[in-house]
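What follows is a short report on a single structure.
A, B, ... follow the sequence lines: proteins, then strands. Residue 1 opens every chain.
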There are 2 protein chains.
Amino acid sequence: MDQKLPTIKEIAKRLNISVSTVSRALHNHPRIGLRTKMQVQKLAEELHYEPNTLAISFKQKKWFTIGVILPELNEQFFSQAISGIEDVATAQNYTVLIGQSHDSMERERMLVEAFRKHRVDGIVLSMAKNTDDYQHLEVLDKYNIPLVYFDRIPKGGQALSVSSNIRSGAEQAVRYLLEKGHKRIALLKGPDSLIASAQRQEGYTSALKQHGLQLDPDLIKEIDLSPEGTRAALTQLLALPQRPTAILCFNDYVCFDAIQAARQAKIRINKDISFVSFANLPICNFLDVPPLASVEQHPYRQGQLAAEMLLDIVEKRKTITDIKPVILDTELRIF
Amino acid sequence: MDQKLPTIKEIAKRLNISVSTVSRALHNHPRIGLRTKMQVQKLAEELHYEPNTLAISFKQKKWFTIGVILPELNEQFFSQAISGIEDVATAQNYTVLIGQSHDSMERERMLVEAFRKHRVDGIVLSMAKNTDDYQHLEVLDKYNIPLVYFDRIPKGGQALSVSSNIRSGAEQAVRYLLEKGHKRIALLKGPDSLIASAQRQEGYTSALKQHGLQLDPDLIKEIDLSPEGTRAALTQLLALPQRPTAILCFNDYVCFDAIQAARQAKIRINKDISFVSFANLPICNFLDVPPLASVEQHPYRQGQLAAEMLLDIVEKRKTITDIKPVILDTELRIF
DNA sequence: CTGTTAGCGCCTTCAA
DNA sequence: TTGAAGGCGCTAACAG
C-alpha cells in the first residue's frame, strides 16, 4: 500500500536532517554538501519520492495548466488544433483542460468562469459562432489570465491571436474557379459575428473585381452554419433565374450539407455546380465526390502557435506588447 | 487591478472576526449566527471573493479533476465519447484533463505518469491499439487512483469498464448480410491486443454457424487499422478464387479505407461487394455511398457511463466491489 | 455561536 | 553548509 506518498518531511526525518536541506538537495541547490545531497537523492529514489505538484502549484500560485475552449471537438478542424496545442503544452510540462462551447455563448461564458475559478494559467479560445459580446472574455484581463484566440478571433484584431488569412484564401479559391471559366460564383458566408465571414466576402469580392466581374448580391448568402440554414440558402440559389455554376462554402461541413441538398435537387456535383470550400479536413479524402478544392487552414499549426504564444506570456518569456497577431497563409488544396 | 484576489483572511480582518467564522459563514455551516453570516456573505459578494480552488485541492488532497486518455480525438467516436465524459464531469463540478495516446503504448504510459503526478482524482482510458502490457496501468492501483476503461478495454474483463457488446453487434451485422443473401462474407478484424477483435470474430462465427455456413479462414483478415494494412488485406481478399460478396469492417474508418481501395479496383460498392461496419459515425451521413449498415456503439453514452462510474468511486458513493462492468447493447443502423 | 490553533507539502528567507 | 521558522489559503478539531 503506497497509500501515503513520501514527502520531504518524511525523508528529512529518516535522515535526521531538516526539510530545507532535503528541499535543497532535491533541487541541486549550490550550497549543499555533496554527501548529504547524494544521501537525500538516494533515499528519495528508494522511497519513490515525487514532489506534490498540488503543493507546489499552491505555493507558487501557478498550476501548469492551460484551458482550451472551442466550439466542437467533433469537428476535425478543432480536434486537429487540439493536437497542436496538446503537443506544445506537454513539451513544456503543462497539462491541458478542455471544454466545448458547442457554439453557445452561454456555455462559453460558463467555461471561462470555471477555468478562471480553477486558476488556469492561461486560456486558448476559439469563439462560439454567436459570440457577439466579449464581456465574459474581457474579465480575464482583470484576473491576469492571458487569453489567446485562435481561428475564430474577435473583431478588432488587437488581441493576441492566431488565425489564417481567410481573405486571401477566399481570393485563391475564387480565382481558381474563375480560371476554370466560372462566371457565376456564389458565396455561402457565415454569421456576422464571425470576423471570418466578412473576410471571406472581401476575398471573394476582390477576386471578382480583379477579373472585371460584377458583383451580384443575390449570389451571396449569409448562413448560420446549421444544416437547415445551408439547405435553405441552397434552395434560394437554385431558384435564381440564373443559377450559379460554382459555390464557395464557408467550410467543409457546410459544403457537405450543401452538396447533399444539391444532390437531392438532382444537381450533378462538380458538373452542374462546382463546390469549393474551406478547411480541407481529412474526411474529404473519404468522399467519392469531394469539393473541387478546399482552402487549407493549418489547424494543427494554428494550435501549436496559439499554445506557444500563450506559454510565452505565461512563462514571461514575452510580454503582451511584444506580440503581434499571427496570420497564417492558407493554401488551396485541389482534389 | 484585481491582482490580489481577496481571501477569507482579508474578509475576516475587515469584519474583525476570525477566519474560521468566515469559512463557516461561507459554507452555510449550521452553527453560526445569522447576522454574521449575512455580513460575511455580503462582504464576500462585494469583494468578489472566490475560494482558491488550488488551496482547497491542496488541503483536501483532491483537485476535482479527472484525466481522460484516448487514442485519437480526430476520430469522431472518441470526440463523441469525450462529450459524454465532459458533460457528466462538469455536472459534478469536475474538470477534464485530456491526453491523446495516438495509439502508442509509450505515449499512453507517459500520459498516465503525467496524470498521476498531477494527482488527478481518477482516469478514464481507452487503450492504444497495441497496448499488450498493463503494467503502466496497474501502477495506478498502488496510488489509489481509480481507473475506468471504456470501449477499448483490457483482456480479462475483471476491471472497471464500460464497453459495447461487440460480439452481438457483429452477429447482428452478419445476420443482416446473410438475410440479404450473402454467402461469402469477409471479416476485417483488428489486432489481437484489442479484445474487441476476438469479439467481432466470435459474433461473426456464431452467426455463420447459426445459418449452417462453413467458416472459410481465408475470409478473415487481421489488420492493424492503418490504411495501408486495410488496403493490403483488401487486395488479398480480391485475389481469392472466390471473392467475398460482403465485408464486415472493424470500424467506419477501416471501412472508408476499404471502400476506397475497392473502388480503385473497379469494384462497385454495395453492388459487387457490400460493406458493413462498426461505429456509425456522423460523417457516414455525408458519404454518397456509405456502408450498407453500421453497428452503433453509443460513444456518447459510453463516455457518460464511464465518467459516472469513475465519479461514483472518486466520491465514494460506491466501492469497486459494488460495480460490475457495463456492456451496452449495440444497434444496427441501416443506411 | 465564535475564536484559537494546527497543519496540508513545499519553498524561502534569516540565522547559525 | 545546514537548521529553524514562517507562510501560501483553507479546513477542522478543540476550546471557550
Side-chain angles (χ1 to χ4, degrees), chain A residues 2-41 43-44 47-65 93 116-121 143-144, chain B residues 2-41 43-44 47-65 93 116-121 143-144:
Chain A
D2 266 345
Q3 268 281 45
K4 297 272 173 272
L5 295 160
T7 67
I8 53 172
K9 194 192 239 173
E10 171 75 13
I11 298 180
K13 203 193 300 172
R14 295 217 193 193
L15 256 37
N16 259 321
I17 57 180
S18 78
V19 289
S20 41
T21 308
V22 176
S23 173
R24 279 188 281 252
L26 259 18
H27 287 124
N28 282 314
H29 189 95
R31 287 191 304 203
I32 186 146
L34 187 59
R35 272 184 53 85
T36 22
K37 183 155 96 181
M38 301 290 275
Q39 270 189 335
V40 170
Q41 294 189 343
L43 183 58
L47 297 178
H48 301 296
Y49 167 78
E50 279 172 359
N52 181 333
T53 1
L54 230 43
I56 296 173
S57 297
F58 169 56
K59 177 97 212 226
Q60 313 199 328
K61 297 174 193 310
K62 185 155 177 335
W63 79 342
F64 297 94
T65 300
N93 270 306
R116 186 177 60 66
K117 285 194 185 143
H118 275 269
R119 305 280 209 274
V120 296
D121 300 309
Y143 291 93
N144 273 316
Chain B
D2 266 345
Q3 267 283 45
K4 295 274 173 274
L5 296 160
T7 66
I8 52 171
K9 196 192 239 175
E10 171 75 13
I11 297 181
K13 204 195 298 172
R14 297 216 192 193
L15 257 34
N16 261 320
I17 55 179
S18 77
V19 288
S20 43
T21 308
V22 176
S23 172
R24 280 186 282 249
L26 258 19
H27 287 124
N28 282 315
H29 189 95
R31 287 190 304 202
I32 186 147
L34 186 59
R35 271 183 54 84
T36 22
K37 184 155 95 180
M38 300 290 275
Q39 270 190 334
V40 170
Q41 294 189 342
L43 184 59
L47 297 178
H48 301 296
Y49 167 78
E50 280 172 0
N52 182 333
T53 355
L54 232 43
I56 296 174
S57 298
F58 168 55
K59 172 84 195 180
Q60 313 201 327
K61 297 174 192 309
K62 186 153 174 340
W63 78 341
F64 296 95
T65 300
N93 270 307
R116 187 176 61 66
K117 285 192 184 145
H118 275 268
R119 305 279 209 275
V120 295
D121 300 309
Y143 292 93
N144 272 317

Query - Pairwise 5' ranking along DNA chain C for B/Ile17 and A/Val19, keeping only the more 5' one - result: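 It is B/Ile17 whose nearest nucleotide is closer to the 5' end.
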Query raised in the report: Which sits closer to the 5' end of DNA chain C, B/Asn16 or B/Lys61, going by the nucleotide each is nearest to?
Result: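 Taking each residue's closest nucleotide, the earlier one in sequence belongs to B/Asn16.
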**Report entry** Pair B/Leu5-A/Arg119, side-chain contact (heavy atoms from CB on, under 4.5 Å): steps then yes or no
**Finding:** CA-CA 11 Å; B/Leu5 296 160; A/Arg119 305 280 209 274; 3.5 Å; yes
Working to the nearest 0.5 angstrom, can you tell me the gap between [X] [atom1] and [Y] [atom2]?
X: A/Phe64; Y: B/Lys117; atom1: CZ; atom2: NZ; answer: 13.5 Å
X: A/Asn144; Y: A/Asp121; atom1: CG; atom2: CG; answer: 12.0 Å
X: B/Arg116; Y: A/Thr53; atom1: CZ; atom2: OG1; answer: 9.5 Å

Query raised in the report: Contact class for B/Ile8 (heavy atom, under 4.0 Å): base, sugar-phosphate, or nothing?
Result: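 Touches a base.
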So [Y] and [X], do their side chains get closer than 4.5 Å, heavy atoms only?
X: B/Leu43; Y: B/Tyr49; answer: no
X: A/Lys37; Y: A/Asn28; answer: yes
X: B/Trp63; Y: B/His118; answer: yes
X: B/Pro51; Y: B/Ile56; answer: yes

Query - Nucleotides bounding contact with chain B, strand DNA chain D, heavy-atom threshold 4.0 Å - result: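 Here the contact window of chain B covers D/dC8 to D/dA13.
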Query raised in the report: Does anything in residues 20-28 of chain B reach DNA chain D, meaning a heavy atom under 4.0 Å, and if so which residues?
Result: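 Those residues whose heavy atoms fall under 4.0 Å from DNA chain D, taken from residues 20-28 of chain B in numerical order, are B/Ser20, B/Ser23, B/Arg24, B/His27.
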Query raised in the report: Near DNA chain C, which residues from residues 51-60 of chain A have a heavy atom under 4.0 Å away?
Result: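 Within residues 51-60 of chain A, the residues near DNA chain C are A/Pro51, A/Asn52, A/Ala55, A/Ile56, A/Phe58, A/Lys59.
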Query raised in the report: Of all heavy-atom pairs between B/Ser23 and B/Ile8, which one has the smallest distance, and what is that distance?
Result: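 Looks like CB-CD1, 4.5 Å.
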**Report entry** Closest contact, heavy atoms only, B/Ala44 versus B/Leu26
**Finding:**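 Smallest interatomic distance, heavy atoms only, reads CB-CD1, 4.1 Å.
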Requested in this report: Go through the structure and list residues passing side chain to side chain donor-acceptor pair (under 3.5 Å) with A/Arg24, not counting sequence neighbours.
Outcome: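 Checked A/Arg24 against side chain to side chain donor-acceptor pair (under 3.5 Å); zero matches.
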Show me the donor-acceptor pairs within less than 3.5 Å that the side chains of residues 11-19 of chain B make with the rest of the protein, sequence neighbours left out.
from, atom 1, to, atom 2, distance (Å)
B/Arg14, NE, B/Glu10, OE2, 3.0
B/Arg14, NH2, B/Glu10, OE2, 3.2
B/Ser18, OG, B/Ser20, OG, 3.1
B/Ser18, OG, B/Thr21, N, 3.4
B/Ser18, OG, B/Thr21, OG1, 3.0

Query - For chain B, the stretch of DNA chain C it reaches, first to last nucleotide, under 4.0 Å of its heavy atoms - result: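 Footprint of chain B along DNA chain C, 5' to 3': C/dC1 to C/dG9.
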